[in-house]
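Comments concern the structure below.
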Number of protein chains: 2
Amino acid sequence: MDKKKTQSKKELILKAAEEVFMANGYEATKTTQIAERAGVTHAMLHYYFQTKENIFRKIYEDKINMLKDPIVALVENKEMELPQRIDTIIETHFEFLKANPTLPHFVISEMNNNPHLIETMKENIGEVMGESYKKLQNEIDEYVAQGIINPITALDLLLDIVSLNVSAFVMLPIIKSVVSDKDEQNAILEQRKKEIKETINRRIIKTENKA
Amino acid sequence: MDKKKTQSKKELILKAAEEVFMANGYEATKTTQIAERAGVTHAMLHYYFQTKENIFRKIYEDKINMLKDPIVALVENKEMELPQRIDTIIETHFEFLKANPTLPHFVISEMNNNPHLIETMKENIGEVMGESYKKLQNEIDEYVAQGIINPITALDLLLDIVSLNVSAFVMLPIIKSVVSDKDEQNAILEQRKKEIKETINRRIIKTENKA
DNA sequence: GCAATGTCTAACAAGTTTGTTAAACAAAAT
DNA sequence: ATTTTGTTTAACAAACTTGTTAGACATTGC
């Protein structure tokens, strides 16, 4: 058998499935639609994946895993001082979202509709998150003790950053409907990024240490 | 004909539709499911609303209109000073979301899946928002000129508040899966509210004016 | 009372959607 | 070569979904 052709068929289906699932979500996606886009008969994706649910889980788990890396990057890279590193985290996370703008809505949406998918997420990235979280909290506490930053829990800080960043992209469809120009849309996003950094910076940096 | 019974049938359908649509979204909701929950044959909701789309729009427009009031409240009530009023806005908006925790995800989700629904939103609350926005920007500018608060666009301020508040509830399903105790969940929400107020306060208040 | 109108049900219909299966076709293994 | 295994298609089927319709039943106005 021709391995390349086989792989490419399965991959074609996965790629098509990813596109359609990401754009429309689980319920609105029809297996025939995926097959059409992949250029195969819909029996093919039952041959490879048996059920619609199976294809979906493959995609979903891939996407969930994508969330892990930017978060792990948060605690490594101890070269920079914490405040500047947090700035970099916002930058990295924001750019990651820019490269995957439909990811947040997709994940949130599916977690809301299928609460058991939250378990999938916890299984996949739970321990890693837990570790990173503890390390970050310890670091924060040190900086607080030194009087450099304001007290804050690592959870609140992470939620602040993620909330602000993610929302910028979740609300993108609204922005797009108001301004159609691509450059202008990008300018708005850049402005948001700047504002988010400013907001987080003011939240953590002690006022006495600011210019 | 018995008006009360008629109203109650139609209302039963609308109530059931609201529950199911809010919980599952447009695509995942089946008309038979709505009929079942309302305790009527599914022909009934075609009799009253003709199509699934029609029932949905009724629900959707109602929900969109609910968003308007808390925002309008932002500019009225000139008794308080701006900074304290912003604090109240966060409080009001947060409590509104607490009373309607599934609303944000529902609206965002449907706007993402059906971009034309954004038009519906703009038609319903567009002008009101525009007016409130201008008034707020003028007020901010005054306070900035007096050296009381840091420069910020009204859009950024609103987006910061809405992003942080909404995210707290959009991510609620995750919190619920981690902590099952209701009181504990509430404590987490209260902590988030406090943190959001703190974050926004530090963002806008000039450092010189702070204790 | 009875005609007109509104409400409701059961049955049906057309289309879609997920999934199966038999059989054709291709490749690999012996 | 031929058996075995893997891939692909076309046709089918069962279930579900949205929507219709004919007629029963109730209510109202006259």
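The distance between atom CD1 of A:Ile55 and atom P of C:dG19, rounded to the nearest whole Å, is 9 Å. Regarding A:Leu12, its CG atom lies at a distance of 14 Å from the C1' atom of D:dT8, rounded to whole Å. Between B:Gln50 atom CD and D:dT17 atom P there is a gap of 21 Å when expressed in whole angstrom units. The separation between A:Lys9 atom NZ and C:dC25 atom C1' is 13 Å, rounded to whole Å. Look at CD on B:Glu53: it is 14 Å from C1' on D:dG19, rounded to the nearest Å. Summarising the geometry, the separation between OH on A:Tyr26 and P on C:dT18 is reported as 8 Å, rounded to the nearest angstrom. A straight line from CZ of B:Phe49 to C1' of D:dT20 spans 18 Å, rounded to a whole angstrom. Atom-to-atom, CE of A:Met44 to P of C:dC25 comes out at 16 Å; the value is rounded to the nearest Å.
Side-chain contact between B:Phe96 and B:Asn165 is absent, with no heavy atoms from C-beta onward closer than 4.5 Å.
Residues satisfying the side-chain contact (heavy atoms from CB on, under 4.5 Å) criterion with A:Asp141, sequence neighbours excluded, are A:Gln137. Under the rule for a ring-ring contact (aromatic ring centres under 6.0 Å, His included), A:Tyr143 has no partner lying at least two apart in sequence or in another chain.
Within the structure, a side-chain polar atom (N or O) of A:Tyr47 is placed less than 4.0 Å from OP1 or OP2 of D:dT7. OP1 or OP2 of D:dG6 has not a single side-chain nitrogen or oxygen of A:Tyr48 nearer than 4.0 Å.
Among the nucleotides C:dT9, D:dG19, C:dG19, the one closest to any side-chain atom of B:His46 is D:dG19.
Note on ring orientation: taking the six-membered ring where Trp is involved, the planes of B:Phe56 and B:Phe21 are perpendicular (angle over 60°, cut-offs 30° and 60°).
At least one donor-acceptor pair closer than 3.5 Å links the side chain of B:Asn54 to the backbone N or O of B:Phe49.
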Along nucleotides 10-17 of chain C, 5' to 3', which nucleotides get a B, which get an S, and which get a -, given that the test is a protein heavy-atom distance under 4.0 Å?
-> B------S

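With A:Val20 as reference, A:Gln33 is the one residue of A:Lys30, A:Gln33, A:Glu36 to meet the side chain to side chain contact (heavy atoms under 4.5 Å, CB included) rule.
Between A:Tyr26 and A:Tyr60, the ring centre distance reaches or exceeds 6.0 Å.
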